[in-house]
Structure formats: structure tokens, C-alpha cells
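Remember, it's a predicted structure, so these values are computed and weren't measured experimentally. Atoms within a ligand are numbered from 1 in the order they appear, just like the ligands themselves. Side-chain atoms are counted along with the backbone in the values below, which use heavy atoms only and exclude waters and symmetry mates.
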Amino acid sequence: MSDKKETTLQIAGMTCAACAIRIEKGLKKIDGVEDANVNFALEKSKVTFDPSKANVNQFKDKVQSLGYKVVSEKVEFDISGMTCAACANKIEKRLNKLNGVQNATVNFALESALVEYNPDEVTVVDMKEAIKKLGYRLDQKQEAKGEKVDHRQKEIEKQKGKFIFSSILSIPLLWAMVSHFEFTSFIWLPEMFMNPWVQLALATPVQFLVGGQFYVGAYKALRNKSANMDVLVALGTSAAYFYSIYLSILSIGSDAHMVELYFETSAVLITLIILGKLFEAKAKGRSSEAIKKLFGLQAKTATVLRDGQELNLPIEEVIVGDIVYVKPGEKVPVDGVIFEGRSALDESMITGESIPVDKTVGDLVIGSTINKNGFLKVKATKVGKDTALAQIIKVVEEAQGSKAPIQRLADVISGIFVPIVVGIAIVTFLVWYFVVSPGEFAVALEKLIAVLVIACPCALGLATPTSIMAGSGRAAEYGILFKGGEHLETTHRLDTVILDKTGTVTNGKPTLTDVILSNGFEEKVFLKLVGTAERNSEHPLAEAIVEGIKEKGIELGSSEHFEAIPGFGIESKVEGKSLFIGTRRLMERNNIDVGAILPKMENLEKQGKTAMLVAIDYQFAGVIAVADTIKETSQKAIERLKNMGLEVVMITGDNKQTAQAIANQVGIDHVLAEVLPEGKAEEVKKLQKDGKKVAMVGDGINDAPALATADIGMAIGTGTDVAMEAADITLIRGDLNSIADAIFMSKMTIRNIKQNLFWAFAYNAIGVPIAALGFLAPWLAGVAMAFSSVSVVLNALRLQRIKLKG
Ligand SMILES: Nc1ncnc2c1ncn2[C@@H]1O[C@H](COP(=O)(O)OP(=O)(O)OP(=O)(O)O)[C@@H](O)[C@H]1O
Ligand SMILES: [Cu+]
Ligand SMILES: [Mg+2]
């Protein structure tokens, strides 16, 4: 199998959803490209490809040849350490090989490098590191820093300028038109505005300087044998404009005031459509606010100790292994481990937990959290795009940029829509010209223009992506990270929720509670053997046992042999003695008689404790029990799920009694206990066979297969990375309320998309016949079109105000 690679390109110049489809098709045609997914709203394209056959430069060329542009970040470096042109070559090759670098050129004479890259995939630090390994040094040139252009902001500025310019020119034209009518003839009008040549002078800049973007867009579309909204606008306004010129020429020598011209039709139309675009750009900017907020959480600089010196560095220059100083009240700049000091940390921005957490040497700190009171020295373990926050941002961006299946339909429809509309417009013209009002060219032309303009499918293209963006962005603010638009769509159909016990329903931090000895074993000896054996296990149960035993002041040794038996327990050899610690089944498997202790053990289990049997040298030696606390929010959250009509099931590898005791406390009726790790996925499948739409919620490595199997896997953000990888949704806050919130958010988003699609379809379906029948002046059609796009976007933005419980 070939190695697949994925890359994201930022694309500029798309005017509607049809452009997105075109780029998608173009990219897919390239040999080696397996999949391409272009998002119109986010202006991004995700490409999956085989790197041995295709490369990013090909994609750029393709996009360019279709008439769009790939936007990339640029950075300039000073290079030190080069001795000859071969060095330059080597560096250039290495840079170009980096994932995410689109083009790198090294100039030996100037000792500089210019790199175009995609900041989502590669950072300046990555480049420096790679080149450092070759024995050279890159230093970022000062002026290039912080030059990150927000092209969305630029777009807003551009459209705003255009709108003001074309408004100023259009107002006199509109004025002339209004005072043209019988009933408004009392309105004073400067004589010259009636002059056809003055009108032409006013209308021409609007038509070509402002409206030029529609001609360009239309040309690109037609050249690629497709049609989009630009084609409709260009056709409609050109018809009005050129027909007016024709009439003006005819009028030479006659009384100019008597001619009816249509310059205002095209100019006002263009002005209104530009206004619509301006609103659209503004609204799009607002819906990416969730990501901006997340970016805002990042610290900008860090105090780093290097070669005995305290340096204040920009955050991009911190590397793994650096010792970072974090003063009280400061943001932790990167993910790391405390190396010296203790403090309370406010982690609410990541976990949602408002009470500060006490941390000390050896504890993990997360970048962007706030150090409340102590001075900390932290050893950086993750920087740049690897930090927890950067990962969160990445997931949110991807979700916002991905497509929900429901959108495909809209894309296809808007793709075939335009040719049909042009057809309808021509028929309308012919019917008016030959049948309704024979010979009246102007009247028929006006109808044609109105149809062309009202039929514009721009609202249709915006309907889904704007909702997905707003919905997933809002969810992210509550710590619910959808990995893709399709999950946002599936989630609202769920009817069954399976909860893992440890770490999901409970806090997953058990503590040692009981030790029962048997067969005359002495406590100290027993605990030392057990603790030493469990030391090798990474299971939370083992951690609890080791911790508890250490607290009793018992020193642990090292074991000669260790083996974890997933779902059963462990087997170990300590001080020449063989040990088994774990479940009843583990004892049965090894023919160890535990009969007499069972009633006592069950007693512990009925209290919700997890009791483990211990055998030393094949002789039963005792029981060791731990208890986990239930999350405060679990019971209410489970009640909420039940009230929403969902079936709630608890699944665990723990024994029946313990599981049942916990389930009773939180109000879960269905319990699947003593399920082996590989069995969890099987249980999910069983429920799916019964026609259920199943969500699996878990945190552990042993939950990963089930998370992947379920219709929707939800990983608890405080759990393991493996679980998060396998899941479709990450719940950053451990609170189970997030499950209900995720389902609710999904329902609201889907409802919002349906409203948008309905409105967009209805607007075209109603507007086109009205225009064809002649009840709609062209300028009104323009207003309606702008209004429909803007209303779709505004409706989507309502999702951003939804309040969730979690
Ligand atoms: N390191 C260990 N030491 C002793 N017993 C263990 C150990 N690991 C597992 N066991 C035994 O095996 C059982 C099943 O473990 P498993 O990891 O499958 O589930 P769990 O962590 O108890 O529950 P959940 O599935 O809710 O996370 C445990 O309840 C325990 O009795
Ligand atoms: Cu439009
Ligand atoms: Mg577990």
C-alpha cells in the first residue's frame, strides 16, 4: 500500500460553491490524487494524495490554471554556515522535502532563503530544526515576522471600497430614474443627470471597474465549461448597459430627455450585489471567531533559560527541552513538565474546570493555562503545532472546513442550476417579445435581466458551510470538538449511548481502601510484593495500589518478571515468588482456590469498590481493594440523556457487583460488566445490529476499538491520546453533560442547515416565476438576491448564540 499524504491549501478567488466544485474536480484529475475536498466558505482545500506520484506544486499550478490562487505564508531567512553552492543546494532540497513547504529557494550569494509554506502543516521552528541537523543555521529575517495577512479582512476592505465608490456613482442614476415617473415628477432633478452621455459616464466605471470581478469570474467559469453566479450577473448587467448605449446612440439628434435608458438598472444592481458580498464577507469573518478566540489564548512570548541566560523569546522559537520560567499570573507558554516549584493552575480554558489545580514537580502543565500563585520552572515537552491547544485549533479548523453529506446535494444543484436559468431567461425574453408585448424589446429585456438576477444560487452555496462553521465553532467554545462536518450530522440521530465506567462515569483516579490478608501472610511482606509487581503496570488500578502502598511507608523493590493480562490482571515474579493479581477468572485460570474469601469480596464490591485477588506462589494470599469517586455531574447528565429519549448503557471490564453499584448511584439501568477489552467493540456491533445508532464514550486505550466501531465515538479529553485519535468527537471537559450538549448542538445545526436550504430553494423557486411573469423590476431582483444570501448567513450565525449546559 502506498503512503498517503494530506495537505491543506488556502485558496483565494472563489466566488461561489460552483468554483469549489470546479477546483475539486480539477485536483482529483491529477494523477496520484486520491481525494480532494474544497470548502467554499473556509476557502480551503484538503487534498489526499500519493507523494510518490503527485506534489503540492502540481496542485498549485492546477488551481492557478483554473483561475484561482493558492495563498501561502512566506518567510525569509538569513543562513549562516554555507561554504559553497552545494550547501545552498542541500538546504534547498531539504526545505522542499519538508511536509507543508510549497516552495523554497536558497540564494547562496545573499546567504538567504525564501520559503513559501502552509502554516497549518509546518512551522518556522520545524524548518530551523531540519536545517540545524544539516549543520547550518537559519535566522528569520526581522521584517518578515508577524506579517501574517488576514486575507479575509482584506476582502472586507476591498468590497467596502468598491461599494462606496459605486454607490456615489449610482445615486445620481437612481435619482434620475425616480424622478422619471409621473407621480414623482415633482422631485427636483439637476438637468444634466438626464443627459444620456452623463449617465453613460457615471455607469461605465461601475460596470467595469466595480463589476469587473463578475466578468473575470464569468470568464473563468465559462472557460472551464461551467457557469456560476458571476455568469448570471455579468449577462444581466451587460444586457442593460449595452442596450442603453445602443438607445443613447439612436437618440442622437432627438430630444434626449424623452429616451428611457437602463443605465441605473445595471449600476444599482452591481452596487447591491457588492453590498451583499460585503455583508457576506463580514459574516464569514465573524463565524471564524471561535478559532480566533482559541488563537488568542496562546502566549506570545516565553522566558527561556539558555546557556545560563534568561531570554525573552517569541513563542515560535521555544524548542523541546527548553527550561521555561513561568511567573505567578503568567500564561504557561508551552506544554511541559514542572521541573521546579509548585503552584495552582487555572486550566478552565482547556478543561472547563473552574477550580485551580495544584501542581508540583513532575506534573504536566498545558500551554495557555494560567499560573496563579507560584513560580514555576517548566521543561518544554511540546511546542508549536504539537501543543494541546494547537491540536484543538487544528481539529476545530478541520471540522469547520469539512463538508456535511447534506452539502453535496446543494453543490450539485447549484452546479446545474445556472444553465437551466439562462434557458428560462431566454424563454422569458422570447415569450415577452413575441407574445405578451410584441416588438417591445426593452420590456422583454427587463424581464430577462430580472430572471437572470433573481435566479442566482449564491444562498444555496452558503447554506450548509456557514451553519457547519458556526455550529462547530460554538460547540468548540464549550469544549466539544467535532472532527468533521459529517459527525455533526450523524450525532443528532443517536439513540443509544454507551458509557465506559472508569474515567468516564467516574473520575478514573481510584485510591487504595482495603487490604484483607489470608493464609497468614504478613501485611508488610504482602504489600511490598504487590506494590513491586504493580509498579510495572500503567493501569489506573495499579497506580492507585502503588500510590497507596507507598503512602504506608513501604519501600518497593524491583521485579524479575512482569506481564499484563488485559482484562484479567497481571502476572509477575518478585523476590523469587510468583504473583497473580486480578480477577476471579484469573485465579480460576491458574487453579487457585479462593472460595472462602468470596463473601467478603462481594461485600466490598457492593460498595462500588474494585477488589482484586492476590495469589503468591499459587496460594491465595489476600484481597486488595480500591475505590473510585463518581464525577459530581454524572448523575444529572445521565438523567438528561434519558430525558432526551436516549438509552444509556454502562460498559466496563470491572466485575458485575462493582459495576452495578456504580450504575445504581448514577441511575443507569443497563450494565455490561466483565467485558474484555476486545469485547467492547463487539457489544457496540451487537447494538448496531439491532438497528441502534450508537455513541461510545470512553477514555482508555481499551476503549479505542469500540470508539472507532461506534457510529459516533466520543473521547474524554482528559483521557489517553489513543482514545482521542479513534474518536469522532473529543469532549475536552470531562463532564458527561457534554454528551447531551453535543447531541443538542448537532440537532440545532442540522435544523439550521435545513432552514437555510429551504429558504435558499424557496427563494429561487418563488423568485424565478415572479420575475418571468414580469412582476419584478431588475433592481428589486438584485435586492432580493443580496437579501437571500445575507439572511442565510445571519441565520447560521444564530447558532453562535446557543447556550449549552456544560
Ligand atoms: N494492573 C492490574 N492489577 C490488578 N488487577 C488488574 C490490573 N489490570 C486489570 N486488572 C483486573 O482486570 C479487570 C478488568 O480490567 P479492564 O482494564 O478491562 O477494565 P477496568 O479498567 O476495570 O474498567 P473500565 O472498562 O471501566 O475501564 C479489572 O477490574 C481488575 O480486576
Ligand atoms: Cu448571487
Ligand atoms: Mg479502564
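- More than 12 heavy atoms of other residues, nucleotides or ligands lie within 6.0 Å of CD in Glu674, so this atom counts as buried by the packing criterion.
- For the pair Asn655 and ligand 1, the shortest N or O to N or O distance does not fall below 3.5 Å.
- No more than 12 heavy atoms of other residues, nucleotides or ligands shown are found within 6.0 angstrom of NZ on Lys379.
- Residues Phe482 and Thr491 meet the side-chain proximity criterion, which asks for heavy atoms closer than 4.5 Å.
- A salt bridge links Asp500 to Lys680: at least one charged side-chain nitrogen sits closer than 4.0 Å to a carboxylate oxygen.
- The atoms of ligand 1 that sit less than 4.0 Å from any heavy atom of Ile570 are 1 (N), 2 (C).
- Of all the atoms in ligand 1, the ones that sit under 4.0 Å from a non-hydrogen atom of Lys680 are 24 (P), 25 (O).
- Judged purely by distance below 3.5 Å, without hydrogens or angles, the side chains of Ser559 and Asn536 pair a donor atom with an acceptor atom.
- The distance criterion of under 3.5 Å between nitrogen or oxygen atoms is met by Gly653 with respect to ligand 1.
- At least one N or O atom of Asp500, backbone or side chain, sits closer than 3.5 Å to an N or O atom of ligand 1.
- Across the listed options Asp654, Leu672, Thr652, Val675, Thr652 owns the non-hydrogen atom lying nearest to atom 26 (O) of ligand 1.
- Not a single heavy atom of Glu674 sits less than 4.0 Å from an atom of ligand 1.
- Of the charged side-chain nitrogens involved, at least one lies within less than 4.0 Å of a carboxylate oxygen, so that Asp741 and Arg640 count as a salt-bridged pair.
- Residue contact check: Gly567 has heavy atoms under 4.0 Å from atoms 12 (O), 13 (C), 14 (C), 18 (O) of ligand 1.
- Residue Thr610 places no N or O, backbone or side chain, under 3.5 Å from any N or O of ligand 1.
- Each of the atoms 26 (O) of ligand 1 lies under 4.0 Å from some heavy atom of Lys501.
- Judged purely by distance below 3.5 Å, without hydrogens or angles, the side chains of Gln607 and Asn603 never pair a donor atom with an acceptor atom.
- Using a 4.5 Å heavy-atom threshold, the side chains of Val614 and Phe580 count as separate.
- Listed by number with element, the atoms of ligand 1 under 4.0 angstrom from any heavy atom of Ile581 are 4 (C), 5 (N).
- Shown in contact with Gly582 at under 4.0 Å from a heavy atom are these atoms of ligand 1, numbered in order with element: 5 (N).
- Side-chain atoms of Glu560 come within 3.5 Å of backbone atoms of Gly576 as a donor-acceptor pair (strictly under, hydrogens ignored).
- Set against the non-hydrogen atoms of Thr583, the atoms of ligand 1 under 4.0 Å away are 11 (C), 12 (O), 13 (C), 31 (O).
- Near Ser537, with a cut-off below 4.0 Å to any heavy atom, the atoms of ligand 1 are 1 (N).
- Contacts between His539 and ligand 1 below 4.0 angstrom, taking non-hydrogen atoms only, involve the side chain exclusively.
- Asp703 places a side-chain N or O within 3.5 Å of a backbone atom of Asp699 that can act as its donor or acceptor partner.
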